[in-house]
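Below: the structure, in C-alpha cells.
Residue numbers run from 1 in the order of the sequence given.
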Amino acid sequence: QVQLVESGGGLVQAGGSLRLSCAASGRTEGNYAMGWFRQAPGKEREFVAAIRWSGAITYYADSVKGRFTISRDNGRNTVYLQTNSLKPEDTAVYYCAATDPVKFLTYSYGSRSVGAYDYWGQGTQVTISS
C-alpha cells in the first residue's frame with residue numbers, strides 16, 4: 001500500500017502561482033509513476049500531469065501545458081506540481097495519484113485515465129480569484 005498526502009493548495013489571484021506537494025509513504029519502493037488530477041464542482045476528475053519514475057518523461061494536459069510543471073524527488077518520496085499563470089478555471093480540488101510502471105504504460109485507456117492509478121490522496125483545494 002502507498003499513502004499519499006497533498007499540500008500547498010490555497011486561494012490566490014489570477015496570474016499567481018502555487019506549488020503543490022505530494023508526499024508518499026508506505027511501500028514506496030515500487031518505482032511508481034505519479035500523476036496529478038483535478039476535479040471542479042459538478043465536473044469529472046480530469047488529468048493534469050504525470051511523471052515517470054526517472055523524472056525524465058512528463059505528460060501534460062493541453063490546458064496546463066506551458067503553465068504547470070511536474071517534478072519529483074525520489075529521495076524524499078515527493079512529487080511537486082508548480083502552477084504558474086493561474087486562471088479562475090484552474091479552480092478545483094487537486095489530487096495526487098500513483099501507479100506501478102507497467103500499468104502506467106499498458107492501461108487500456110491510457111495513462112491519463114483515472115483508472116490507470118491505484119493510489120490516491122485526499123486532495124488539496126486550489127481556488128483562483130479573478
Worksheet entry | Sub-4.5 Å side-chain heavy-atom contact between R38 and S63 | yes

Worksheet item: Quick one: are E44 and E46 in side-chain contact, heavy atoms under 4.5 Å?
Response: no

Looking only at non-hydrogen atoms, find the nearest pair between [X] and [Y] and report the distance.
{"X": "A24", "Y": "L4", "value": "CB-CD2, 3.7 Å"}
{"X": "Q82", "Y": "S17", "value": "NE2-CB, 3.9 Å"}
{"X": "V64", "Y": "V48", "value": "CG2-O, 3.5 Å"}
{"X": "C22", "Y": "M34", "value": "SG-CE, 4.1 Å"}
{"X": "I128", "Y": "V126", "value": "CD1-CG1, 3.7 Å"}
{"X": "T91", "Y": "A40", "value": "O-CB, 3.7 Å"}

Using 0.5 Å steps for rounding, measure from the [atom1] atom of [X] to the [atom2] atom of [Y].
{"X": "T58", "Y": "R72", "atom1": "OG1", "atom2": "CZ", "answer": "11.5 Å"}
{"X": "N31", "Y": "F104", "atom1": "CG", "atom2": "CZ", "answer": "13.0 Å"}
{"X": "Y94", "Y": "L81", "atom1": "OH", "atom2": "CG", "answer": "7.5 Å"}
{"X": "D73", "Y": "Y80", "atom1": "CG", "atom2": "OH", "answer": "5.0 Å"}
{"X": "L18", "Y": "T83", "atom1": "CG", "atom2": "OG1", "answer": "4.5 Å"}

Do [X] and [Y] share a hydrophobic cluster (ILVMFWY, side-chain heavy atoms under 4.5 Å, transitive)?
{"X": "F37", "Y": "L86", "value": "no"}
{"X": "I70", "Y": "W53", "value": "no"}
{"X": "V12", "Y": "W36", "value": "yes"}
{"X": "F47", "Y": "I57", "value": "yes"}

Worksheet item: Within the distance-only criterion (no hydrogens, no angle test), does the side chain of T99 pair as donor or acceptor with the backbone N or O of A116 below 3.5 angstrom?
Response: yes

Worksheet item: Please, which pairs that meet side-chain hydrogen bond (donor to acceptor under 3.5 Å, both in side chains) have at least one residue in residues 104-124, sequence neighbours excluded?
Response: K103-D118

Item to complete: Flag the pair K87 and D90 as a salt bridge only when some basic side-chain nitrogen lies within less than 4.0 angstrom of an acidic carboxylate oxygen.
Response: no

Practice prompt. For Y60, check ring-ring contact (aromatic ring centres under 6.0 Å, His included) against everything at least two apart and list the hits.
Written response: none

Item to complete: Tell me, please, which residues at least two apart from Y95 pass ring-ring contact (aromatic ring centres under 6.0 Å, His included).
Response: none

